[in-house]
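Position 1 is the first residue of the sequence, and the numbers go up from there.
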Amino acid sequence: MEAAAIGARLASSVVAPLIKRLFVADGPGAGLVDKPLRVSKLVSFKGEKRALSDEDLHKIAEELVNRAAQSTGVKERLPAYEQRAVAHAVADSLRSLGYIDMDDVQAVQLGHLALSRHLRSQSPSATLGLSSDAVTLHASVLDTACLHILQFFTQRSTFVARTLIEHSRRIEELSLKIDSLIARTPSPADGPFEERYAEYIASKHGKLTIFGLDLSEAPENWPLDAAYLSLDAAGGRTHDLPALLPADHILAGRDRVLLRGVAGSGKTTLVQWLAVSTARKALDERLLYLYGLVPFVLPLRTLTRGGAKLPTPDGFLAAVDCPIANLQPTGWFDRVLRSKRGLILIDGIDEIPESERQEARRWLQELVSAYPNNRWLVTSRPSAVRQDWLVGDDFAELDLAPMSRENVAEFIKRWHKAAGIGDRYATDLLQSVRDKQDLGRLATNPLMCALICALHQDRRGYLPDGRKEVYDAALSMLLSRRDRERGIYKPGTIRIGEEHHIQLIQKLAYWMIRNGRSEMDRADAIELLEHALPAMPKIADQGTAEEIYHHLLIRSGLLREPSAGSMDFIHRTFQDYLGAKAAVEGLDFDFLIAHAHLDQWEDVIRMSVAHARTMERTRLLTGLIERGDTSEKDSRRLHLLAAACLEHATELNPDVRTEVEQRAAALIPPRSADQARALADVGPVVLDLLPGPQGLSEDEAYFTVLSATRLATDAAISVLAQYRDLSDLRVRSELARVWSRFECDRFAEEVIAHLGEEDLYFCVSTAQELHALRRFGGRSRIRITGTITPEEFQTSCDRSRLTHLWVEAESGATWEWLAYFPNLSTITFDSPLASIDVSSLKKVRSLRTIRLSEESVFVGSEALPPSTKIVRACLTTT
């Protein structure tokens with residue numbers, strides 16, 4: 001039994017009238033009293049104004065205990081005599097109010113939990129001999145009672161409101177939050193099932209398969225809480241300013257989000273993290289918004305497997321093969337969603353055929369209409385759905401940002417630690433990623449980082465340069481060396497060489513691509529192998545199709561069975577890569593060109609160009625150009641795709657290359673966020689095509705900058721430097737925001753040093769960036785986006801220039817050190833759900849404005865000078 005659950009179900013309407021009876025009412029003239037009063041003078045069960053007998057006190061305690069026991073279902077577990085004993089213990093603890101040496105002001109400052117502990121400590125023998133459930137019930141009832149006791153104090157006319165107004169406000173907010181949590185507490189009938197369901201979610205989604213770790217002595221699965229790396233999501237469209245926020249916080253201030261991210265960017269891992277964090281209820285302050293919610297993880301590739309219809313809520317668990325689906329209480333899903341407790345995580349719009357997405361959208365709209373006040377997250381690759389696809393349904397659209405240099409460094413360190421490999425390999429790899437631009441450009445998402453880590457370790461420091469070479473090396477490592485190095489092969493077992501392995505698996509991959517699936521039935525996979533094996537007699541002689549399938553599943557490291565009766569690839573990237581190889585070997589170029597307008601085929605087309613020979617590349621790219629020239633609807637998409645393929649065309653007819661570049665140049669400058677994203681997907685070649693700002697509208701200039709900043713290569717710096725003198729705040733904010741993606745000093749000299757300062761917060765993530773700013777005379781507005789200690793900030797920041805500071809505050813942090821900056825007038829705390837004590841700012845004499853997010857709780861403002869304003873604002877943009 002959880003303590004929080006008991007307290008949460010004691011509503012204010014029940015507790016407040018009972019608590020009021022414990023204290024004397026204000027008499028005439030009481031409002032003139034301006035000093036705090038001893039709590040012992042306020043109680044109504046002792047002293048001259050005694051109005052409450054011992055029997056009355058016991059009745060109040062019994063009522064509180066009885067209500068708590070009934071509402072949480074503990075009544076069925078505790079025998080009657082123990083409930084009576086808990087009521088006696090609560091009465092004894094409340095009686096201690098008449099003897100504590102504390103006034104009402106001190107009690108409010110102490111806080112309700114500390115006051116509850118203090119009262120319990122005054123009568124330690126009250127709970128002797130009680131069971132653990134009874135002791136928990138006693139503590140929880142007293143916690144709730146103390147919350148309302150303090151609220152009662154703050155509402156009395158004699159309370160010194162002018163000095164404790166913020167404490168009063170905080171108590172009031174806590175009281176409201178207690179009431180709001182009632183709706184998030186399951187009914188007694190649903191509680192046992194939800195506990196079991198939470199255990200299932202935590203177990204199923206609580207581990208990650210980190211690529212390459214299974215080649216070392218490390219376990220194949222890595223605990224999610226050790227592996228999870230918090231990435232950023234970028235918001236903002238058209239006329240909004242760009243903003244970064246932690247990806248696991250995207251549902252804190254909004255109920256509906258469509259999150260886009262490229263293959264391997266961490267979308268599914270984020271879904272797992274949110275689900276497991278919610279199920280375990282071990283939430284830090286950033287994730288408190290998830291408290292009491294029930295997660296539903298719905299991978300669309302699984303829901304639509306075998307052409308199945310998308311499920312209604314009562315079929316969510318069965319559709320994902322949850323083994324306890326048939327145990328859910330009747331009407332449970334409806335009670336969860338009607339009480340606004342649902343966390344619906346719909347993963348992979350891009351993993352169903354494009355022809356089915358409109359139906360998926362209608363399904364989602366019907367769900368949202370029926371149960372609107374829950375939290376909804378939908379993920380997709382960027383090109384799978386158009387911009388504003390769900391905006392009409394009040395979904396915010398955000399993008400997973402590429403990994404920053406700090407993210408990459410942290411991932412590499414964690415990978416090597418999990419693999420049990422010495423720091424030397426991690427240090428060498430970090431240096432290589434920073435020194436080699438091609439390699440650094442590949443390491444922008446968790447999947448590619450893991451591939452690079454595994455290859456670096458496997459090849460003792462040697463790394464291939466291009467994306468195709470990385471995939472080839474990874475496949476070789478998995479298919480031909482994995483079993484041999486782990487000593488798997490034994491006499492009599494199935495042995496399949498690398499080439500045959502690839503031939504078999506790529507047939508599965510191409511079938512899935514042609515049929516628009518990211519999962520296939522196990523029976524279909526075996527049947528496909530049956531048709532392929534007669535052409536491979538050496539393999540066919542070693543076993544049946546089912547035995548060969550089982551071998552591929554267990555030994556290849558590329559396939560898995562996410563649920564009984566289904567098969568998929570460990571990552572969609574490998575499916576696309578091998579499917580492209582099968583298409584090229586089958587000379588399916590016309591088929592590829594005919595499907596090139598479909599987003600599910602984009603990576604397949606690119607990899608096909610990489611696999612193809614010179615003449616075959618010419619045929620593919622010429623076909624894309626010609627089809628784009630004649631297709632008004634898909635012209636832009638096909639021409640940009642052809643340009644994106646140039647990165648993989650190691651040898652190509654110069655005339656064809658020129659034709660492709662000319663078509664791409666006609667689509668520049670971009671005029672929307674989608675177009676900017678599509679251009680960035682073309683790769684570094686687009687940098688030579690991007691124009692300078694002359695003659696561009698403000699929107700065109702902004703989206704051109706957006707394209708270039710998404711290419712995290714230092715070659716983009718010279719392009720971005722052309723835009724450094726523009727006055728548009730969107731452009732300047734974007735340039736300041738992406739500093740950490742580039743080489744620090746060069747970007748500072750060529751871009752940051754020239755940005756106009758008006759209304760612009762300069763983002764700094766390291767002390768090195770602060771030092772660079774100081775070399776250029778410092779800046780008045782600074783936003784800290786990384787881990788910088790107060791000492792580093794004081795040492796590196798220009799002391800006299802700083803007037804505005806934007807920080808991410810954690811509960812318990814103190815801010816006396818800001819007194820070092822004599823001209824600091826405004827500080828912004830960007831920390832939703834954090835409890836911020838602003839009293840430590842009293843020494844910052846220059847401070848005039850404190851800005852906080854609308855969700856933050858703050859205390860201590862009574863210590864600030866009257867001239868200091870506290871402003872609540874939406875802090876989603878810069």
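Atoms CD and CG, from Glu397 and Leu258 in turn, are 5.0 Å apart once rounded to the nearest 0.5 Å. Summarising the geometry, atom CZ belonging to Arg617 is positioned 10.5 Å from atom SG belonging to Cys645; distances are rounded to the nearest 0.5 Å. Within the model, atoms CG of Leu770 and CZ of Arg775 stand 11.5 Å from one another, a figure rounded to the nearest 0.5 Å. Between the NE2 atom in His804 and the CZ atom in Arg779 there is a gap of 15.5 Å [rounded to 0.5 Å]. Once rounded to the nearest 0.5 Å, the distance linking CG of Asp255 with CG of Leu377 reads 12.0 Å. How far CG of Asp634 is from CG of Leu598: 8.0 Å, rounded to the nearest 0.5 Å.
In plain terms, the two heavy atoms of Leu251 and Arg375 that are nearest each other are O-NE, 2.9 Å. Among all heavy-atom pairs drawn from Phe747 and Leu735, the shortest one is CE2-O, 3.4 Å. Across all their heavy atoms, Ala748 and Trp739 have their closest contact at CB-CZ2, 3.6 Å. Closest of all the heavy-atom pairs between Gly756 and Arg732 is O-NH1, 2.7 Å. What you find for Leu696 and Thr704 is that their closest heavy atoms are CD1-OG1, 4.0 Å. The heavy-atom pair separating Leu400 from Gly261 by the smallest distance is CB-CA, 4.3 Å.
Side-chain contact check for Thr709 and Arg741: no donor-acceptor pair (N or O, by modelled atom type) lies under 3.5 Å. Side-chain contact annotation: Glu626 with Thr622, donor-acceptor N/O pair under 3.5 Å absent. Between the side chains of Thr379 and Asp347, at least one donor-acceptor pair of N or O atoms lies under 3.5 Å. A donor and an acceptor atom, one from each side chain of Arg627 and His597, are located under 3.5 Å apart. No hydrogens or angles considered: nothing links the side chains of Thr828 and Arg783 as a donor-acceptor pair under 3.5 Å.
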(request) Might you work through the salt bridge (Lys or Arg N to Asp or Glu O under 4.0 Å) test for Arg381 and Asp603, ending with a clear yes or no? (result) CA-CA 11 Å; Arg381 289 193 189 185; Asp603 283 350; 3.0 Å; yes

(message) Test side chain to side chain contact (heavy atoms under 4.5 Å, CB included) on Thr269 and Trp273; report intermediate values, then the result.
(response) CA-CA 6 Å; Thr269 302; Trp273 177 253; 5.5 Å; no

(request) Take Glu659 and Arg663 through the salt bridge (Lys or Arg N to Asp or Glu O under 4.0 Å) test and state the conclusion after the steps. (result) CA-CA 6 Å; Glu659 287 285 318; Arg663 299 304 193 285; 2.7 Å; yes

(request) Quick one: do Leu667 and Gln675 satisfy side chain to side chain contact (heavy atoms under 4.5 Å, CB included)? Show the steps, please. (result) CA-CA 9 Å; Leu667 304 176; Gln675 293 177 17; over 6 Å; no

(request) Walk me through it: do Ile717 and Leu720 pass the test side chain to side chain contact (heavy atoms under 4.5 Å, CB included)? (result) CA-CA 5 Å; Ile717 295 178; Leu720 296 173; 5.7 Å; no

(message) Under the criterion salt bridge (Lys or Arg N to Asp or Glu O under 4.0 Å), I'd like the reasoning laid out for Arg746 against Glu749: C-alpha separation, chi angles, the key distance, then a yes or no.
(response) CA-CA 5 Å; Arg746 183 185 168 195; Glu749 291 172 4; over 6 Å; no

(request) In sequence, state the C-alpha distance, the side-chain angles, and the governing distance for Leu690 and Tyr723, and then conclude on side chain to side chain contact (heavy atoms under 4.5 Å, CB included). (result) CA-CA 12 Å; Leu690 292 177; Tyr723 292 82; 5.7 Å; no

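In this structure, the side chains of Thr766 and Glu769 come closer than 4.5 Å at one or more pairs of heavy atoms. Between Leu231 and Pro446 the shortest side-chain heavy-atom distance falls below 4.5 Å. Side chains of Glu661 and Arg657 form a contact here, defined as non-hydrogen atoms less than 4.5 Å apart. Using a 4.5 Å cut-off on side-chain heavy atoms (C-beta onward), Ile784 and Glu808 make no contact. Under the 4.5 Å side-chain criterion, counting only non-hydrogen atoms from C-beta, Phe395 is in contact with Leu364. At a threshold of 4.5 Å between non-hydrogen side-chain atoms, the residues Glu698 and Arg730 count as touching. Looking at heavy atoms from C-beta onward, Met607 lies out of side-chain contact with Asp576 at the 4.5 angstrom threshold. Glu616 is not listed as a side-chain neighbour of His611, based on a closest heavy-atom distance of 4.5 Å or more.
Around atom CD of Glu632, no more than 12 heavy atoms belonging to other residues, nucleotides or ligands sit under 6.0 Å away.
Not one N or O on the side chain of Arg606 forms a donor-acceptor pair closer than 3.5 Å with the backbone of His648. With Arg256 contributing its side chain and Asp393 its backbone, the two residues share a donor-acceptor pair below 3.5 Å. In this structure, the side chain of Gln600 engages the main chain of Ile352 through a donor-acceptor pair within 3.5 Å. Between the side chain of Ser380 and the backbone N or O of Gly348, no donor-acceptor pair lies under 3.5 Å. Remark: the backbone N or O of Val764 is paired with a side-chain donor or acceptor of Thr785 at under 3.5 angstrom.
A distance of 6.0 Å or more separates the ring centres of Phe569 and Phe574. Remark: aromatic rings of Phe776 and His754 are distant, center separation not under 6.0 Å.
Exactly one of Arg301, Arg361, Arg517 qualifies for a salt bridge (Lys or Arg N to Asp or Glu O under 4.0 Å) with Glu356. That residue is Arg517.
For the pair Arg619 and Phe589, the cation-pi test (distance below 6.0 Å, angle within 45°) is failed.
Using the six-membered ring where Trp is involved, His249 and Tyr289 have ring planes that are perpendicular, over 60° apart on the 30 and 60° scheme.
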